[in-house]
Student: 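Just passing along the structure, written as structure tokens.
Worth saying up front: this structure is predicted, and the values here are computed from it rather than measured. We use all heavy atoms of the structure for the numbers below, so side chains are in, but hydrogens, waters and symmetry mates are not.
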Amino acid sequence: MPARKIAVIGAGYVGLTTAATLAAAGHGVTCVDVDRDKVAELRAGRVALLEPDLPELVAAGRRAGLLRFTARLPDALLPPHPPDLVFVCVPTPRGEGGAADVSIVEAVARDLGRLLPPGAAVVLKSTVPVGTADRVRGLLRRPDLPVLSHPEFLSEGSAVHDCRHPDRLVIGAGTTPADRAAARRLADLYTDLAAPVLLTGNASAELIKYAANAFLAVKLSYANTLAELCESVGADIGDVCRGLGLDPRIAPAHLRPSPGWGGPCLPKDTHALLDLARTRQIGFPLVRAALETNDRQHHRIADKVRTAAGGCLDGVRIAVYGLAFKAGTADTRDSPALAVARLLHAQGAELTVYDPAANPDGPDDWYQTADNPYTAAKAATVVAVLTEWPEFARLDWALISQLMHRPHVVDARRILDPEALEACGLTVSAVGRGTR
């Protein structure tokens, strides 16, 4: 496979990981971002994202002269670095009514139409609604520039691994010979990977990403509803999910109960799929129910904490372990842990928060931060474990029991050993298992 010259627009999770892994594969990559401070940090070798292996990969690309960073789009598009492929990896946040806001993608398309030399293809890696590739093609005003849809399937905390070991590669293209040739050129980047490549139309590729994330949301909400049923009938959700996951038609992934699902992708993409269905007069009640169940789960966990505290939270000190939407990241966007914490605060609880990485607002008037989990637990009536950081399972729970005002733990992630905690004098309430 010949080395390609590649431009990556956007240096967030998707853009930076894409740029670094393509450079590691031997391609010359120029990554551009409008945030000049971020570009300066990356040029200095500093990666702010909490992502395993990414700092090392960026440093290696810089040392090899294969990875460049710039805040000027022309530097990434014009000689001496004209690209063969331009990856668009910019944000598409939730907009009004749940629809994805593609204004940044559209602005980039206009700039590419003005600046991009002939011979390149535009690759939409941002998560975009069906029809965006056609919209971009019109905004480019350049019939010589193919537009490909190439959705990403990365998870925070494993983005580099996911990029290097994808389970599938989806490439959407138009029907012209130039479009098909550009799709094959893009697919050639991945000849060393074992993943299957699906070549399809743009609309199908765009819809696959939304369909995948909405399906995961449904599966997660299903597990949380099952957990509620387990608590009612005396079953254990861990055993139930293990039994379900052994069926190859179901599989174990995303069958773990929690305070709810969140992060920068699943809520946004699920709302966007609903909005797309609405514009086509399709109700999609299954996906809507998943969203409603997720919101209800936040309240269910807050209710568990209130019950553990004796039925009232007004003036009660609660230790919150975790604010990130999942372990391995500092990201609190649409975090279920943060949603539960806000519900506890609204009911009058005095919150002391500890998270190994995340602090969304800095010290604020609705919670206090602690430097370690033991300080957070001091004089608390309940410890609420809301993010599945592995270190929480390894804490000195006997010491925590001694530090607390009343020794109650709500394990919303099911990462603790209830028998070990009971031996320390703690009362444990876990999702899908009830109080022990």
Student: Any sub-3.5 Å donor-acceptor pair from Thr30's side-chain atoms to Ala76's backbone N or O?
Tutor: no
Student: When you measure from the side chain of Arg414 to the backbone of Ala430, do you find a donor-acceptor pair of N or O atoms at a distance under 3.5 Å?
Tutor: no
Student: Is it the case that over 12 heavy atoms from other parts of the model lie below 6.0 angstrom from the CZ atom of Arg46?
Tutor: yes
Student: I'd like to know whether CZ of Arg288 has more than 12 heavy-atom contacts from other residues, nucleotides or ligands below 6.0 angstrom.
Tutor: no
Student: Assess the residue pair Lys209 and Glu152 against the criterion (side-chain contact (heavy atoms from CB on, under 4.5 Å)); give the C-alpha distance rounded to whole Å, side-chain angles, the decisive distance to 0.1 Å, and a yes or no.
Tutor: CA-CA 8 Å; Lys209 176 59 185 287; Glu152 52 84 16; 2.9 Å; yes
Student: Near Phe153 CZ, under 6.0 Å, is it more than 12 heavy atoms from other residues, nucleotides or ligands?
Tutor: yes
Student: Only one of Thr17, Val29, Leu85 forms a side-chain contact (heavy atoms from CB on, under 4.5 Å) with Leu22, so which one is it?
Tutor: Val29
Student: Is the number of heavy atoms from other residues, nucleotides or ligands under 6.0 Å of Arg296 CZ greater than 12?
Tutor: no
Student: Any non-hydrogen side-chain atom of Tyr321 less than 4.5 Å from a side-chain atom of Pro373?
Tutor: yes
Student: Taking NZ, NE, NH1 and NH2 as the nitrogens, is one of them in Arg185 or Asp188 under 4.0 Å from a carboxylate oxygen of the other?
Tutor: no
Student: With respect to Val108, which candidate in Leu139, Val136, Val88 satisfies the side-chain contact (heavy atoms from CB on, under 4.5 Å) definition?
Tutor: Val88
Student: Take a 6.0 Å sphere around OH of Tyr222 and say whether it holds more than 12 heavy atoms from other residues, nucleotides or ligands.
Tutor: no
